[in-house]
Protein chains: 2
Amino acid sequence: MLLRLSTLFVRTLREDPVDAEVASHRLLVRAGYIRRAAPGIYSWLPLGLRVLDKVDAVVREEMERAGAQRVHFPALLPREPYEATGRWTEYGPNLFRLQDRKDGDYLLAPTHEEMFTLLVKDLYSSYKDLPVTLYQIQTKYRDEARPRAGLIRGREFIMKDAYSFDLTEEGLAESYRAQRDAYERIFRRLGLDYVIVAATSGAMGGSRSEEFLTPTDIGEDTFVRSPGGYAANVEAVTTIAPPAQDATNVPAAQTVNTPGASTIDALVTWLNDHEPREDRAWTAADTLKNVVVAVTHPDGEREVLVIGIPGDRDIDMKRLEASLAPAEVDTATDTDFARNPHLVRGYIGPQILGRHHTHDDDAIRYLVDPRIADGTEWVTGANITDHHQLHVVAGRDFHADGTIEAAQVRAGDPAPDGSGPLDLARGIEIGHIFQLGRKYAEALGLKVLDVNGKHTTVTMGSYGIGVTRVMAALAQAHHDSQGLAWPIQVAPAHVHLVATGKDARIFEAAESLAQRLSDRGVEVIYDDRVKVSPGVKFKDAELFGVPFIVVVGRGLDEGTIEFRTRVGEPQQVHINDAVDVVTDAVAAQLGGNH
Amino acid sequence: MLLRLSTLFVRTLREDPVDAEVASHRLLVRAGYIRRAAPGIYSWLPLGLRVLDKVDAVVREEMERAGAQRVHFPALLPREPYEATGRWTEYGPNLFRLQDRKDGDYLLAPTHEEMFTLLVKDLYSSYKDLPVTLYQIQTKYRDEARPRAGLIRGREFIMKDAYSFDLTEEGLAESYRAQRDAYERIFRRLGLDYVIVAATSGAMGGSRSEEFLTPTDIGEDTFVRSPGGYAANVEAVTTIAPPAQDATNVPAAQTVNTPGASTIDALVTWLNDHEPREDRAWTAADTLKNVVVAVTHPDGEREVLVIGIPGDRDIDMKRLEASLAPAEVDTATDTDFARNPHLVRGYIGPQILGRHHTHDDDAIRYLVDPRIADGTEWVTGANITDHHQLHVVAGRDFHADGTIEAAQVRAGDPAPDGSGPLDLARGIEIGHIFQLGRKYAEALGLKVLDVNGKHTTVTMGSYGIGVTRVMAALAQAHHDSQGLAWPIQVAPAHVHLVATGKDARIFEAAESLAQRLSDRGVEVIYDDRVKVSPGVKFKDAELFGVPFIVVVGRGLDEGTIEFRTRVGEPQQVHINDAVDVVTDAVAAQLGGNH
């Protein structure tokens with residue numbers, strides 16, 4: 001493989017694109033791998049496709065090794081199957097919907113559980129046909145509210161999605177394990193660090209799911225780990241609820257005048273000034289913060305909801321959204337408050353909230369953090385401007401309609417399984433695997449005859465890798481201030497050969513070297529441009545990020561060329577040894593990655 | 001490569017699918033290559049993907065050989081570029097349109113001229129950058145009014161589309177020739193007969209285009225050929241207009257009472273009965289037939305139009321549509337006639353039609369076949385029920401608003417270039433190549449600096465192959481009553497190995513043979529199913545259409561296996577020679593196709 005830069009369809013940019021916040025996005029655009037076609041929608045140039053093809057090939061090989069069989073579904077699909085499982089509605093505005101010329105409803109599929117279920121139903125009918133795992137590598141669509149970071153969160157993207165079909169729970173566990181192992185092999189082969197964390201299932205449904213995250217500061221996902229081995233996406237972290245407390249000795253709730261204390265900080269200051277405790281100072285953890293949010297349900301209905309959390313914590317919007325999915329969450333607007341005049345901003349208390357408590361089915365629902373256990377005592381709003389109440393006891397003075405995981409998780413919080421204090425980090429989700437169970441098979445009637453001739457509903461797993469996102473994550477993990485620095489197994493070429501100077505002899509020698517390397521199976525980008533300065537050529541080489549760089553230039557008079565890795569020091573190699581030295585170095589790096 | 005039928009995700013059908021009219025569609029579904037997901041939208045099973053991959057690989061190799069560079073564009077695209085070229089509107093109901101969550105207009109691209117033009121504009125700025133030819137193999141969308149014949153006319157399909165960019169006409173001609181040559185190599189390698197015919201450019205625009213058709217009775221396209229080498233899609237055939245005639249001696253138009261003669265046949269009978277000619281009998285060719293059609297323009301406006309053609313010909317709807325594109329054509333409805341009471345059904349004459357003639361810009365337009373030359377004399381309707389007129393002379397008694405190619409072309413019609421009488425045949429369009437010229441570059445401002453530093457608009461070509469359609473055409477060209485019969489270079493495997501009987505020894509021998517063939521690079525489908533009868537296994541083998549069939553069965557007692565081609569007679573081969581004999585036969589067939 002030999003690409004000549006004089007004709008290769010690529011142009012590098014010296015300037016960062018204005019819309020690029022993260023390095024991988026910036027560099028993939030600047031190095032001419034991708035171009036933006038619309039928000040969250042990208043066109044691929046030759047170098048970008050070469051990397052994508054290599055990622056694709058690794059995914060494919062490991063899927064085949066795991067026994068998954070390849071199929072391919074349309075992206076444009078009719079509404080009916082998604083209606084049957086409820087996802088036509090549940091996906092809300094994230095789904096691209098359209099109509100054909102006969103007014104039939106269609107969608108651009110965000111994921112294909114329904115279609116795989118129906119295909120297996122079409123072809124298979126007996127337990128003897130199972131287990132089977134099918135996969136595709138295919139273009140998917142999601143109308144993200146906030147496409148960002150280039151390929152990391154796009155609206156048109158490529159996914160590998162696999163689906164397993166089993167008769168029993170044990171079978172599902174085995175199929176799940178085979179995919180999980182394949183994912184580990186894939187990310188290892190690609191040279192991408194990963195952690196496996198417990199996750200929520202979101203719109204997918206199902207009983208158990210895990211995410212593969214690659215740790216990076218620019219990740220959208222926060223995950224936690226404990227010394228004892230617990231690992232979870234922060235959205236999946238459950239809070240240890242304290243046992244119910246005995247509140248018999250707690251005085252009756254007492255209303256106090258707290259002028260201007262509409263924030264937790266102001267309230268704590270007021271408490272320490274006017275109602276000092278003997279044992280210790282008041283802290284934010286003694287207060288109960290009530291946050292009003294507006295929830296849009298998939299059917300479009302808007303619900304105003306109040307969430308109660310300890311005053312020393314904030315709401316984590318992603319945790320809140322995960323808890324309320326498939327509904328979408330916004331902060332409450334002035335209109336929401338105007339419609340609910342009993343919600344007194346800055347002084348909201350739960351004493352008047354909750355359907356259970358008020359015996360009013362139209363009352364505002366009140367959901368609390370699990371720490372707000374029965375019998376716990378709080379300072380909270382009195383539902384009157386400039387007033388709070390002391391000694392407000394959960395289960396005595398108010399009743400929540402349920403608990404919710406919405407408060408932020410903090411470093412040092414206990415792991416839910418008792419394995420120690422949590423550590424926090426950020427990552428990009430590169431894979432997500434689900435034990436779906438029978439949700440889709442039930443909704444779409446996928447049954448097979450079991451060994452006794454009885455119709456049995458099949459149990460399913462679903463396994464996704466964002467292929468284009470993985471490529472972005474690789475770019476993010478492997479770059480420096482000068483440009484990309486691909487691992488050799490996904491680099492667009494193995495060697496970037498630069499000819500410098502104007503001497504025809506140099507170009508002849510470089511051309512010959514490029515040819516001979518290519519004949520030996522080395523993938524070469526050869527910068528054969530005549531009127532481009534060495535400085536520009538070196539900058540382009542750094543930007544492209546091919547792992548080995550060869551320079552044929554003035555050293556040729558002494559019979560040497562320069563050879564180095566993308567990030568290493570140059571060494572002089574005799575021109576007669578160049579093919580062997582470079583080929584061996586490439587083979588060694590490639591070999592080390594299998 | 002070794003696929004075992006006991007686990008391969010495939011099921012064959014004994015019955016034809018109800019919606020399948022043509023053999024390729026029927027057999028691809030029955031053999032488990034594809035499944036219908038929605039009208040004109042298909043899912044791909046493992047065997048189908050294997051064939052598709054092989055077609056894809058040949059297309060890709062020949063594109064690379066022709067110097068085209070691979071890129072990849074989104075399918076989901078914003079409206080603006082297509083608005084700039086007018087195609088957002090011109091595509092009419094054939095375009096899938098949708099809106100995103102911010103009410104932005106998007107489309108699913110039917111073809112990508114706009115995006116390629118913009119990308120080259122983004123990257124290139126000088127004549128030194130040209131020529132360049134880019135291509136992609138990508139999923140396309142067209143909301144066909146009548147999806148049919150499975151993959152042949154679908155709504156979601158895979159296309160290879162390439163685009164060339166040149167500074168000069170000569171450069172464009174060269175780029176066009178390179179693609180044209182590549183197409184010939186592709187179809188030859190795939191084992192698909194083709195003819196190259198002159199074509200119309202339709203919604204694509206541009207100065208010149210040719211189609212690659214594969215001849216088949218089920219083709220939607222009709223093409224013509226002359227002994228002198230003329231070849232054209234019937235839509236591109238132009239009619240030789242006779243010279244203007246001297247009509248000074250033709251009597252004045254004369255209205256005659258023709259009760260009930262509302263058809264051409266009835267009129268000719270009436271003429272021969274009541275107005276016999278001395279020199280010869282009247283024929284339909286003496287009459288002028290006026291056909292009312294309703295045209296829907298891309299902006300949605302409906303226009304009623306009258307087409308005049310010699311009475312011995314019918315309207316060819318596809319020729320008419322091609323002539324009126326991008327407008328769409330329907331037959332006129334009762335409502336159309338009710339709104340235009342001067343159009344007397346069965347007795348319409350052009351004497352009252354035409355804007356030119358009536359000096360009325362709102363009058364119904366009248367377009368005629370080129371044979372209706374000035375001075376030609378006709379019998380036609382008198383615009384009164386039961387009445388016709390004799391001696392109606394074009395240019396004297398009526399004036400058309402223009403000519404139109406809408407009449408059917410018949411075998412024996414003269415080729416427009418004088419190369420002899422035309423022969424007619426049917427075919428499937430498998431490729432279409434266009435010299436677009438500067439239409440898109442002008443609309444989107446693609447200019448480069450020429451050698452004198454002057455901004456020059458680039459000239460373009462566009463080159464498409466329907467990859468999924470090519471696969472269907474291959475299935476259509478290579479099948480018999482029993483099933484598919486793939487050429488080896490696109491077959492899902494080289495050898496279909498069947499084990500018959502229940503003897504474990506047979507399965508052991510078959511498994512060992514399958515393994516050894518696979519180790520030698522032969523692609524094997526091995527029917528290792530234990531409880532399936534030999535009859536069913538043979539039927540499946542015929543249906544799948546793999547080029548070589550090996551049977552391991554009772555002959556094993558004598559040390560022999562059976563070996564045959566999909567369509568040939570079996571020969572007995574000693575089990576010890578089997579690997580060599582089969583491998584050699586496969587290599588010989590594969591070799592003969594390169």
Side-chain angles (χ1 to χ4, degrees), chain A residues 3 6-11 32 35 37-39 41-46 48-50 52 67 69-78 80-81 92-94 96-102 104 106 108 115 118-120 122-125 128-129 132 134 136 138-139 141 143-145 155-156 531, chain B residues 3 6-11 32 35 37-39 41-46 48-50 52 67 69-78 80-81 92-94 96-102 104 106 108 115 118-120 122-125 128-129 132 134 136 138-139 141 143-145 155-156 531:
Chain A
L3 298 174
S6 61
T7 51
L8 184 66
F9 188 64
V10 68
R11 283 295 175 273
R35 279 287 187 280
I41 302 178
Y42 289 85
S43 303
W44 292 76
L45 275 60
L49 280 182
R50 289 192 57 85
L52 190 61
Q69 300 188 55
R70 191 161 68 98
V71 297
H72 188 91
F73 282 91
L76 179 65
L77 291 174
E80 290 72 22
N94 289 306
F96 283 108
R97 297 178 182 80
L98 67 159
Q99 293 195 313
D100 72 357
R101 60 159 75 213
K102 291 178 176 168
Y106 283 78
L108 299 180
M115 299 306 295
L118 288 173
L119 187 63
V120 171
D122 178 10
L123 265 68
Y124 280 178
S125 58
K128 293 179 209 156
D129 299 325
V132 67
L134 305 173
Q136 62 177 350
Q138 193 256 7
T139 304
Y141 296 87
D143 197 0
E144 295 283 353
R155 299 199 294 169
E156 173 173 319
K531 295 197 172 169
Chain B
L3 297 174
S6 61
T7 50
L8 184 66
F9 187 64
V10 67
R11 283 294 175 274
R35 280 286 188 277
I41 302 177
Y42 289 84
S43 302
W44 293 77
L45 276 61
L49 280 182
R50 290 191 57 84
L52 189 61
Q69 300 187 56
R70 191 160 68 97
V71 297
H72 189 90
F73 283 90
L76 179 65
L77 291 174
E80 290 71 22
N94 289 306
F96 283 107
R97 298 178 182 80
L98 67 159
Q99 293 195 313
D100 73 356
R101 61 159 73 211
K102 292 180 174 167
Y106 283 79
L108 299 180
M115 298 306 294
L118 288 173
L119 187 63
V120 171
D122 178 10
L123 265 67
Y124 279 179
S125 58
K128 292 179 210 156
D129 299 325
V132 67
L134 305 173
Q136 62 177 350
Q138 191 256 6
T139 304
Y141 296 87
D143 196 0
E144 295 283 352
R155 299 199 295 167
E156 174 174 318
K531 293 196 173 170

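Quick note on labels: first sequence line is chain A, next is B, and so on, each numbered from 1.
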Stepwise side-chain contact (heavy atoms from CB on, under 4.5 Å) check, B/D129 with B/L123: CA-CA 9 Å; B/D129 299 325; B/L123 265 67; over 6 Å; no
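In plain terms, the two heavy atoms of A/Q69 and B/P46 that are nearest each other are OE1-CG, 4.1 Å. The two residues B/P81 and B/M115 make their nearest non-hydrogen contact at CG-SD, 4.1 Å. Taking both residues in full, the closest heavy atoms of A/E156 and B/F73 are given as OE2-O, 4.5 Å, listed atom of the first, atom of the second, then distance.
Of the listed residues A/V132, A/V10, A/N94, A/L76, the one with more heavy-atom pairs under 4.5 angstrom with chain B than any other is A/L76. Ranked by heavy-atom pairs under 4.5 Å with chain B, the list A/A37, A/G104, A/P93, A/G67 is led by A/P93. Options A/I41, A/D100, A/L118 differ in how many heavy-atom pairs under 4.5 Å they form with chain B, and the most are formed by A/D100. Comparing A/Y124, A/Y42, A/Y106 by how many heavy-atom pairs each has under 4.5 Å with chain B, the most go to A/Y124. For the set B/K102, B/R97, B/R11, B/E80, the entry with the most heavy-atom pairs within less than 4.5 Å of chain A is B/R11. Chain B forms the most heavy-atom pairs under 4.5 Å with one residue out of A/L134, A/T139, A/L77, and that residue is A/L134. Of the residues considered (A/P39, A/A75, A/A38, A/G48), A/A75 shows the highest number of contacts with chain B, using heavy-atom pairs under 4.5 Å. The candidate from B/L8, B/T7, B/L3 with the greatest count of non-hydrogen atom pairs under 4.5 Å with chain A is B/L8.
Only the side chain of B/D122 comes within less than 4.5 Å of a heavy atom of chain A; its backbone N, CA, C and O stay farther away. Looking at A/R50, neither its backbone nor its side chain comes within 4.5 Å of chain B, counting heavy atoms on both sides. Contacts between A/R35 and chain B at a heavy-atom distance below 4.5 Å involve the side chain alone, from C-beta outward. Only the side chain of B/L108 comes within less than 4.5 Å of a heavy atom of chain A; its backbone N, CA, C and O stay farther away. In this structure, chain A has a heavy atom under 4.5 Å from the backbone of B/E144, while its side chain stays farther away. The parts of B/R70 that come within reach of chain A are both its backbone and its side chain, each placing non-hydrogen atoms under 4.5 angstrom from that chain. Of the atoms belonging to B/V120, heavy atoms from both backbone and side chain fall under 4.5 Å from chain A.
Side-chain contact check for B/R155 versus B/F96: some heavy-atom pair is nearer than 4.5 Å. Counting only heavy atoms from C-beta outward, the side chains of B/S43 and A/V71 never approach each other to under 4.5 Å.
The main-chain N or O of A/W44 is never found under 3.5 Å from a side-chain atom of B/Q136 such that the two would form a donor-acceptor pair.
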